[in-house]
Student: 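Encoded as structure tokens, here's the structure I'll be asking about.
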There are 2 protein chains.
Amino acid sequence: MDDHNPAEPSTRGRYAKGIRRRQQILDRAIEVFAEVGFEGTSLRAIGEAIGVSHAALRRYFDSREELFLEILREKDLQALQRARDLHQEELGLADGLDDFASHVPGVMALRHSMVARALEPGNERSRDFFIARYDSFRDEAITSLTLARNAGTVSSQLSLPVMAALVVAAVDGLSTQWLLDNSVDMHASIELLESLIAPTAEIHTEGKTK
Amino acid sequence: MDDHNPAEPSTRGRYAKGIRRRQQILDRAIEVFAEVGFEGTSLRAIGEAIGVSHAALRRYFDSREELFLEILREKDLQALQRARDLHQEELGLADGLDDFASHVPGVMALRHSMVARALEPGNERSRDFFIARYDSFRDEAITSLTLARNAGTVSSQLSLPVMAALVVAAVDGLSTQWLLDNSVDMHASIELLESLIAPTAEIHTEGKTK
DNA sequence: GTCTATACAGGGATAGAC
DNA sequence: GTCTATCCCTGTATAGAC
């Protein structure tokens, strides 16, 4: 997080403006990104959209990379919160998919850009973030699958970690195909995977390609 | 493709040097990329590695984007050729996985970077390339799955396009996780998916010419 | 605390000399 | 075919205004 902010943000008080500014930067940044993409979202472009010089942004974020990571952290937290509110921590993957994907335009694309950076030399901060993120997702999948196995809907012959990686990969890879071509029915593919993993549960006989 | 080259490259003749130079650029570029990543692989860095100014590269490629796309086109062709040589066009996905991934360090990471760009506004050339690429992969998967279905190893209840997207997504997503964390066993996850799709048999056999 | 102005090193693209 | 020079852009960094 950021040292400049107090532990409990308030809407008034000494740091109120700074906190609002920080949030404004994050919000505007993702808007700009949705319009002009990763390379186009320069610090200057973000600052311009707010009416502030690019140098001012650095008071709130150590680097452009950190700014983008902060957006992703925020979106993850929001998605997690929504999932908790809706009690969707179960295997209902297809249902939670839209949430994972985030409804805000550009967020998924931004995530892809940042993942790509994380795969390369350097970019330690991004790499650490995504390693932890995927670890967390696989763990959640294992938890869900364990429940399903205990309920008898998932074969006890199958390796849970191997299955978890597969499920996370499927969601990930399908989002890529969908972003490139909206006619790809990622919902159907995820439901298919669910039915293959938990055949005794409700069976969706046919998916269609829209 | 590139207009500057003749239809049939020869090792001698008027364009021989240009062709060799072009190949040299591609080879060096991927080496540089493996060392310093996407952002570090500037035209100047590539030129320096060859002993030529950055401006000279533009005689062979219209832009940096095109240069990188050309690398990916080349690697795809090489992988396809190897697959044909080894008669691995069948469902033997796990076996062909290493090939899909390309053994050259950095190629997978470069692909991720370029896919990420393709998902954003602008970058039409990249987007077209990857749309076609994923289309092609899904089609190949459908072909393989059709054979398996006719052989009775895959349920005729399942939608082939939906399954194809899932298989391609799994390979894609697993490569991401593996690049971030080598302890992820993507081979096992792919084999798991295969066994879920074709539970009745091992399908590592025979080649089919498309 | 917040922000502007400014400087720096480096990027891709490009024009024209040879 | 390759160069140099140049353009406008970028992220980063710092000094100082208020």
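Remember, it's a predicted structure, so these values are computed and weren't measured experimentally. The chains referred to below are lettered A, B, ... by the order of the sequence lines, with proteins before strands, and numbering in each begins at 1. Below, all heavy atoms of this structure are taken into account, side chains as well, without hydrogens, waters or symmetry copies.
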Student: OP1, OP2 of D:dG1 versus side-chain N and O of B:Y60: anything below 4.0 Å?
Tutor: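 For D:dG1, neither OP1 nor OP2 has a side-chain N or O of B:Y60 closer than 4.0 Å.
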
Student: Taking only the side-chain heavy atoms of B:S42 (C-beta and beyond), determine which of C:dG11, D:dT12, C:dT14 contains the nearest atom.
Tutor: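 Of the options given, the side chain of B:S42 lies nearest C:dG11.
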
Student: On a plain distance test, is the side chain of A:H54 in donor-acceptor contact with the base of D:dT12 below 3.5 Å?
Tutor: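 Between D:dT12 and A:H54, which were checked side chain against base, a qualifying N/O pair under 3.5 Å is present.
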
Student: Just jot down the ring-ring contact (aromatic ring centres under 6.0 Å, His included) partners of A:F130, sequence neighbours excluded, or say none.
Tutor: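 For A:F130, no residue satisfies ring-ring contact (aromatic ring centres under 6.0 Å, His included) once neighbours in sequence are set aside.
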
Student: Can you find a donor-acceptor N/O pair under 3.5 angstrom joining the side chain of A:R44 to the base of D:dG11?
Tutor: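 Donor-acceptor pair under 3.5 Å: yes.
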
Student: OP1 or OP2 of C:dT2 sitting under 4.0 Å from any side-chain N/O of A:R58?
Tutor: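 No, outside the criterion.
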
Student: A:R64 has an atom CZ; how far is it from atom C1' of D:dC9, in whole Å?
Tutor: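 Those two atoms, CZ and C1', are 12 Å apart.
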
Student: Hey, does the side chain of B:R59 come within less than 4.0 Å of D:dT2's phosphate (OP1/OP2), counting only N and O?
Tutor: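 Checking D:dT2 against B:R59, no side-chain N or O comes under 4.0 Å of OP1 or OP2.
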
Student: Select one nucleotide: of C:dT4, C:dA13, D:dT12, the one nearest the side-chain heavy atoms of A:A55.
Tutor: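 Of the candidates, C:dT4 comes closest.
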
Student: Among side-chain atoms of B:Q24 and B:R21, is any donor-acceptor pair under 3.5 angstrom?
Tutor: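 Note: B:Q24 and B:R21 side chains meet the donor-acceptor criterion.
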
Student: Excluding sequence neighbours, so at least two apart, what forms salt bridge (charged side-chain N to carboxylate O under 4.0 Å, His left out) with B:D185?
Tutor: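 Salt bridge (charged side-chain N to carboxylate O under 4.0 Å, His left out) check on B:D185 returns nothing, list empty.
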
Student: Quick check on C:dC3: is either OP1 or OP2 less than 4.0 Å from any side-chain nitrogen or oxygen of A:S53?
Tutor: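 Answer no for this pair, as no side-chain N or O of A:S53 is under 4.0 Å from OP1 or OP2.
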
